[in-house]
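This chain uses plain numbering: 1 for the first residue, then up along the sequence. These numbers were taken from a predicted model, which means no experiment stands behind them.
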Amino acid sequence: MTACHDTFLSFALLATCLAASSTPAADHDASPWNCLHENERSSAVLYRALQREVPRFSARRKMVLERLRTPQAIAEYQDRLRGFFIERIGGFPRRTPLHPRLVRVIDAGAYRIECVLYESRPGHHVTANVYVPRGQGPFPAVVVASGHSRSAKAAEYNQRFGGALAGHGMIALCYDPIGQGERSQILDDEGQPRFRSTTTEHFLIGVGSLLVGRNTASYRIWDAIRAIDYLCQRNDVDRRRIGMTGCSGGGTLTAYTMALDQRVRCAAPACYITTFERLIATIGPQDTEQNIYGQIAFGMDQPDYLLMRAPRPTLIAATTEDFFDIAGTWDAMRQAKRIYTRLGRPEAVAIVEADGKHGVKPVSLAAITQWMRRWLREEDRHVGVPTVPLRDPRELQCTPKGQVLKLPGEKSVFQLNREYAQLLAA
């Protein structure tokens, strides 16, 4: 669960308690308001008021969806949302040379693992593991976006993604997001990540980014887009057959990227998609990049990440007991299914719901692998639960000292925001 969950849950519980007190307490010291400062009382009232607004915006958005009856109307809706989305995260920079570098190759039997470095922006490096099948290419390729795990690309579930996809004839690229793995943006005096929680860095990056009209999401989406650029530069990749998947925070980035980059032919966001109406009624808003400024009032909900890419193939992977509400997930699925059906492609959107809590279950990994085989390799047959040997994260390391900030001339996101602030000031 993301780091902000406890904060918002405590706030929601406090707000519930305050709402339950219908009359002022006779003893002032016993009043439930006594534990709050004046500005905190105002915030509690404001938060409840904002919660009450969400169903109204949700209903208004669904009325708009009901009017999308033609391919032209759907295309106009998609263009309007994509334009809003890009504008609200501050846009994207121009493409610059990636300067890719192969650091090491690991022989993993049925496939090899390449440890690579490239620059998503000048002086701003991405660390990635590329799982490459044996045999003759070019191969389809899948970007694997990591969730909020400290070891990021080397986390067990990400290694399973990479090994399963490579074992079925597809290249898989799993990269470290900012604030995770080898890409911590804040190090202590010993050169280690200062914060144990990966979302803490995302929040701190988010604060600085918002002040210059950006969002943590703008950096994270651009990293994903540049991962696709890197794959498309490889001679062993079939550029027409690009997929993307990822769990939790990686599900968020899959959802975002598949909505904005039309090169993502096939996608499978896992353990993220629900609706904002259910999210805010349950656990509340989550990590910084998972909230785009003004999107609920504008009418952009989580199902729209699927609708923006319709009718390209999309699989929702979910779990019954996920803290991302499963009722909202099925609502999102129904909305997507209706739009895909209106476009004549109902078979191109699907859902798999596995038993259990948050995370990619073995049956979900098999379903995602089969989905990628179906649409990227045009081989639609059953895929069993893959068995993938796991490696020590240190073996998958791409930088000499385990952190990109120790590379000469490396620029952190904080430096990039400062440079942009100076540009704006001028």
Side-chain angles (χ1 to χ4, degrees), residues 49-92 215 217 221 244 251-269 272-282 285-286 290-318 324-353 375:
L50 291 173
Q51 282 180 306
R52 289 194 294 269
E53 288 289 287
V54 175
R56 179 171 66 87
F57 286 122
S58 178
R60 187 175 72 181
R61 175 186 163 276
K62 287 184 177 180
M63 289 177 62
V64 172
L65 290 185
E66 285 303 314
R67 295 196 292 267
L68 302 180
R69 297 286 175 170
T70 66
Q72 180 180 348
I74 293 169
E76 291 172 355
Y77 180 81
Q78 292 170 325
D79 289 343
R80 184 172 69 89
L81 263 62
R82 278 193 292 263
F84 168 85
F85 194 173
I86 294 170
E87 183 269 329
R88 287 305 169 99
I89 63 173
F92 296 123
N215 184 300
I221 296 169
M244 187 165 182
T252 306
L253 263 293
T254 299
Y256 287 176
T257 309
M258 73 185 192
L260 296 178
D261 194 324
Q262 297 192 20
R263 294 175 298 177
V264 181
R265 177 174 176 179
C266 176
Y272 172 65
I273 295 292
T274 182
T275 64
F276 278 116
E277 188 169 4
R278 291 303 304 150
L279 182 73
I280 292 174
T282 52
Q286 294 297 291
Q290 294 173 326
N291 303 280
I292 308 303
Y293 179 73
Q295 70 181 109
I296 295 175
F298 181 81
M300 187 175 81
D301 204 340
Q302 288 194 25
D304 286 312
Y305 306 138
L306 287 77
L307 302 188
M308 274 186 263
R309 62 178 276 102
R312 285 171 290 161
T314 309
L315 174 71
I316 302 172
F324 290 120
D325 183 72
I326 192 64
T329 304
W330 276 99
D331 185 2
M333 173 61 187
R334 180 170 183 263
Q335 292 180 42
K337 195 70 150 179
R338 296 186 71 203
I339 295 299
Y340 273 70
T341 301
R342 290 172 187 173
L343 292 172
R345 294 291 305 279
E347 78 287 356
V349 64
I351 187 170
V352 54
E353 178 184 337
W375 295 104

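Between Thr274 and Thr282, every side-chain heavy-atom pair lies at or beyond the 4.5 Å cut-off. A 4.5 Å side-chain heavy-atom check between Phe85 and Met308 finds at least one atom pair inside the cut-off. Contact annotation: the side chain of Gln295 approaches that of Phe84 to within less than 4.5 Å [non-hydrogen atoms, C-beta and beyond].
Taking OG1 of Thr254 as the reference point, atom CE of Met244 lies at 4.0 Å (rounded to 0.5 Å). Atom-to-atom distance recorded for Ile296:CD1 and Asn291:CG is 7.5 Å, nearest 0.5 angstrom. Of the inter-residue distances, the one linking Tyr77 atom OH with Arg67 atom CZ reads 10.5 Å to the nearest 0.5 angstrom. Annotation: the span from Glu353 atom CD to Ile326 atom CD1 amounts to 4.0 Å, rounded to 0.5 Å.
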Decide side-chain contact (heavy atoms from CB on, under 4.5 Å) for Tyr256 and Ile292; before the verdict, give the C-alpha distance in whole Å, the side-chain angles of both, and the deciding distance to 0.1 Å. CA-CA 11 Å; Tyr256 287 176; Ile292 308 303; 3.8 Å; yes
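In this structure Trp375 satisfies the ring-ring contact (aromatic ring centres under 6.0 Å, His included) test together with Trp371, sequence neighbours excluded. Residues satisfying the side-chain contact (heavy atoms from CB on, under 4.5 Å) test with Glu76, not counting sequence neighbours, are Gln72. Remark: Ala281 pairs with Arg278 by the side-chain contact (heavy atoms from CB on, under 4.5 Å) rule, at least two apart or across chains.
When the shell of 6.0 Å around OH of Tyr293 is examined, it contains 12 or fewer heavy atoms from other residues, nucleotides or ligands. Other residues, nucleotides and ligands contribute at most 12 non-hydrogen atoms within 6.0 Å of the CZ atom of Arg334.
Remark: the backbone N or O of Glu277 is not paired with any side-chain donor or acceptor of Asp325 at under 3.5 angstrom. Using modelled atom types, no side-chain atom of Tyr305 and backbone atom of Leu260 make a donor-acceptor pair closer than 3.5 Å. With hydrogens and angles ignored, the 3.5 Å screen pairs no side-chain donor or acceptor of Gln290 with any backbone N or O of Thr252.
Residue pairs meeting the side-chain hydrogen bond (donor to acceptor under 3.5 Å, both in side chains) criterion with at least one partner in residues 257-267, sequence neighbours excluded, are Asp229-Arg263, Asp261-Arg263. Note on residues 293-310: pairs passing salt bridge (charged side-chain N to carboxylate O under 4.0 Å, His left out), not counting sequence neighbours, are Arg61-Asp304. Identified under the salt bridge (charged side-chain N to carboxylate O under 4.0 Å, His left out) test for residues 338-352, with sequence neighbours left out: Glu66-Arg338, Glu66-Arg342, Arg345-Glu347.
Residue Ile273 forms a side chain to side chain contact (heavy atoms under 4.5 Å, CB included) with just one option from Ile351, Thr314, Asp331, Ile316, and that option is Ile316.
Ion pairing between Arg82 and Asp79 holds under the 4.0 Å rule for side-chain N and carboxylate O.
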